[in-house]
Amino acid sequence: MFYWVMKHVLVGPWLRLAFRPWTRGVDHLPATGGAILASNHLAVIDSFVLPLVLDRQVKFLGKSDYFTGRGLRGRLVAGFMRGVGTIPVDRSGGKASEAALRTGLRVLDEGDLFGIYPEGTRSPDGRLYRGKTGVARLALESGAPVVPVAMVGTDVAQPLGTVLPKPMPIGVVIGEPLDFSRYRGMENDRFVLRAVTDEIVYAIMRLSEQEYVDVYAATAKARLAQGLPVDPTPGGGTPERRPAPEPSPQPETERPER
């Protein structure tokens, strides 16, 4: 209930007025059943604008810091995050990451939409960074379709380090669902997980038209903090000199009529 009140009464109308969101491909979103929304991540407001343009509720993972703040402000933030369906995740990895994965599987099993950012953190410069394989494992273990999403212009409205975004039009582009059932039972194969992740990131790249960088976004942020260039090799290359990820070949299938 709180989610819908926030969306339609308290916050949603103001967001629509400020950002005048435009959309493309919303009809690609499944009308029912669990699905993974895999999006690029440019700004904090991504998690607010995407649900705003969809009829179905989206549940996101959120860093645990949002839920552990002290004082009145900390409690308000934590209450807001829980109210809009955000699920806390500990970025330290290990058992905490496993718990987050299990939570995502539960959300999908309940037939809900689960939003995830394959890059793991916001892009430091508006480019698209290498995806982490958690999204692939989630897709293979759940069997849910992966819907690629591109947020457009949120980094301009809210540059990294900015608290209050500036009003301006923001776009959301949604691609056709990706089916990875051909890899069923292979969720523990790290090469399969990398191939699936790269295919998802490739789909996001096609939608967003971002430049792809084959480095983790967290690594890029660390290098910037040290005054080092993001790209480890000259000319925007990478240690492996890998190109942007290519999609795996799939058999031709007819898309069911809606």
Engineer: Examine distances only and state if a side-chain atom of T162 and a backbone atom of Q158 form a donor-acceptor pair shorter than 3.5 Å.
Structural biologist: no

Engineer: When Ile, Leu, Val, Met, Phe, Trp and Tyr are grouped by side-chain heavy atoms lying under 4.5 Å apart, directly or through other members, which residues fall in the same group as V152?
Structural biologist: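 Direct or chained contacts put V152 with W22, V173, L207.
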
Engineer: By salt bridge (Lys or Arg N to Asp or Glu O under 4.0 Å), which residues pair with E110, not counting sequence neighbours?
Structural biologist: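 E110 satisfies salt bridge (Lys or Arg N to Asp or Glu O under 4.0 Å) with R106 only.
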
Engineer: Tell me, please, which residues at least two apart from D189 pass salt bridge (Lys or Arg N to Asp or Glu O under 4.0 Å).
Structural biologist: none

Engineer: Out of curiosity, does V156 fall in the hydrophobic cluster containing V53 (side-chain heavy atoms, cut-off under 4.5 Å, transitive links)?
Structural biologist: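 The answer is no; the residues belong to distinct hydrophobic clusters.
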
Engineer: Looking at L193 and A136, what are the two nearest heavy atoms and their distance?
Structural biologist: O-CB, 3.4 Å

Engineer: Which other residues belong to the hydrophobic cluster containing L160, where Ile, Leu, Val, Met, Phe, Trp and Tyr are joined when side-chain heavy atoms lie under 4.5 Å apart, directly or via other members?
Structural biologist: none

Engineer: With a 4.5 Å heavy-atom cut-off, do V149 and I204 have their side chains touching?
Structural biologist: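 With C-beta onward as the side chain, the pair stays apart.
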
Engineer: What residues form a ring pair (Phe, Tyr, Trp, His ring centres under 6.0 Å) with F114, not counting sequence neighbours?
Structural biologist: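 F114 satisfies ring pair (Phe, Tyr, Trp, His ring centres under 6.0 Å) with no other residue.
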
Engineer: Provide the closest heavy-atom pair for P118 versus I200 in the form atom of the first, atom of the second, distance.
Structural biologist: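 Between these two residues, the closest heavy atoms are CG-CG2, 4.4 Å.
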
Engineer: Taking side chain to side chain contact (heavy atoms under 4.5 Å, CB included) as the test, write out the residues that go with S123, two or more places apart.
Structural biologist: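 Partners of S123 by the side chain to side chain contact (heavy atoms under 4.5 Å, CB included) criterion, ordered by chain and then number, come out as L42, E119, D125, Y129.
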
Engineer: Given the rule in the side-chain hydrogen bond (donor to acceptor under 3.5 Å, both in side chains) test, do D46 and T154 qualify, once you have shown the distances and angles that lead to the verdict?
Structural biologist: CA-CA 7 Å; D46 292 337; T154 53; 2.6 Å; yes

Engineer: Sequence neighbours left out, what passes side chain to side chain contact (heavy atoms under 4.5 Å, CB included) with Q226? Give chain and number order.
Structural biologist: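 Side chain to side chain contact (heavy atoms under 4.5 Å, CB included) check on Q226 returns A222, L228.
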
Engineer: State, to 0.1 Å, how close A35 and A144 come at their nearest heavy-atom pair, and which atoms those are.
Structural biologist: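 For A35 and A144, the tightest heavy-atom pair comes out as CA-CB, 4.3 Å.
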
Engineer: Please examine the side chains of H41 and T121, heavy atoms only from C-beta on, and report whether any two atoms are closer than 4.5 Å.
Structural biologist: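 Contact flag for T121/H41 side chains = no.
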
Engineer: Among residues at least two apart in sequence or on other chains, which ones pass side chain to side chain contact (heavy atoms under 4.5 Å, CB included) with S181?
Structural biologist: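 By the side chain to side chain contact (heavy atoms under 4.5 Å, CB included) rule, S181 matches D179, R184.
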
Engineer: Any side-chain heavy atom of H28 within less than 4.5 Å of one from E176?
Structural biologist: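 Yes, close enough: below the 4.5 Å cut-off.
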
Engineer: Decide yes or no for L37 and I116: does some side-chain heavy atom of the first lie under 4.5 Å from some side-chain heavy atom of the second?
Structural biologist: no

Engineer: So if you build clusters from Ile, Leu, Val, Met, Phe, Trp, Tyr with side-chain heavy-atom gaps below 4.5 Å, do Y183 and L105 land together?
Structural biologist: yes

Engineer: Which pair of non-hydrogen atoms, one from I174 and one from V26, has the smallest distance, and what is that distance?
Structural biologist: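 Minimum heavy-atom separation between I174 and V26: CD1-CA, 4.1 Å.
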
Engineer: State, with a plain yes or no, whether a side-chain heavy atom of R130 is found less than 4.5 Å away from one of V201.
Structural biologist: no

Engineer: Taking all non-hydrogen atoms of both residues, which atom of G126 and which atom of D155 are closest, and how far apart?
Structural biologist: CA-OD2, 3.8 Å

Engineer: Between E199 and R182, is there a salt bridge with N-O shorter than 4.0 Å?
Structural biologist: yes

Engineer: Just how far is it from atom CD of E187 to atom CG of L140, taken to the nearest 0.5 Å?
Structural biologist: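 Going from the CD atom of E187 to the CG atom of L140 covers 6.5 Å.
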
Engineer: Return a table of donor-acceptor pairs under 3.5 angstrom between the side chains of residues 165-172 and protein atoms on other chains or two or more places apart.
Structural biologist:
none

Engineer: Are the side chain of R223 and the backbone of P229 linked by a donor-acceptor contact shorter than 3.5 Å?
Structural biologist: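 Such a contact is found between R223 side chain and P229 backbone.
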
Engineer: What pair of heavy atoms forms the shortest contact from F180 to A139, and how long is it?
Structural biologist: CD1-CB, 4.4 Å

Engineer: For R122, is there any backbone N or O sitting under 3.5 Å from a side-chain donor or acceptor partner on K221?
Structural biologist: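 The answer is yes, because a donor-acceptor pair under 3.5 Å joins these two groups.
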
Engineer: Does one hydrophobic cluster hold both Y212 and Y216, with members joined at side-chain heavy-atom distances below 4.5 Å?
Structural biologist: no

Engineer: Under the salt bridge (Lys or Arg N to Asp or Glu O under 4.0 Å) test, which residues partner D112, sequence neighbours left out?
Structural biologist: K59

Engineer: Among residues at least two apart in sequence or on other chains, which ones pass side chain to side chain donor-acceptor pair (under 3.5 Å) with E141?
Structural biologist: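 Side chain to side chain donor-acceptor pair (under 3.5 Å) check on E141 returns R102, R137.
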
Engineer: Is there a side-chain contact between P30 and V147 (heavy atoms, below 4.5 Å)?
Structural biologist: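 Side chain of P30 against side chain of V147, heavy atoms only: contact under 4.5 Å found.
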
Engineer: With salt bridge (charged side-chain N to carboxylate O under 4.0 Å, His left out) as the rule and sequence neighbours excluded, what pairs involving residues 35-44 come up?
Structural biologist: none

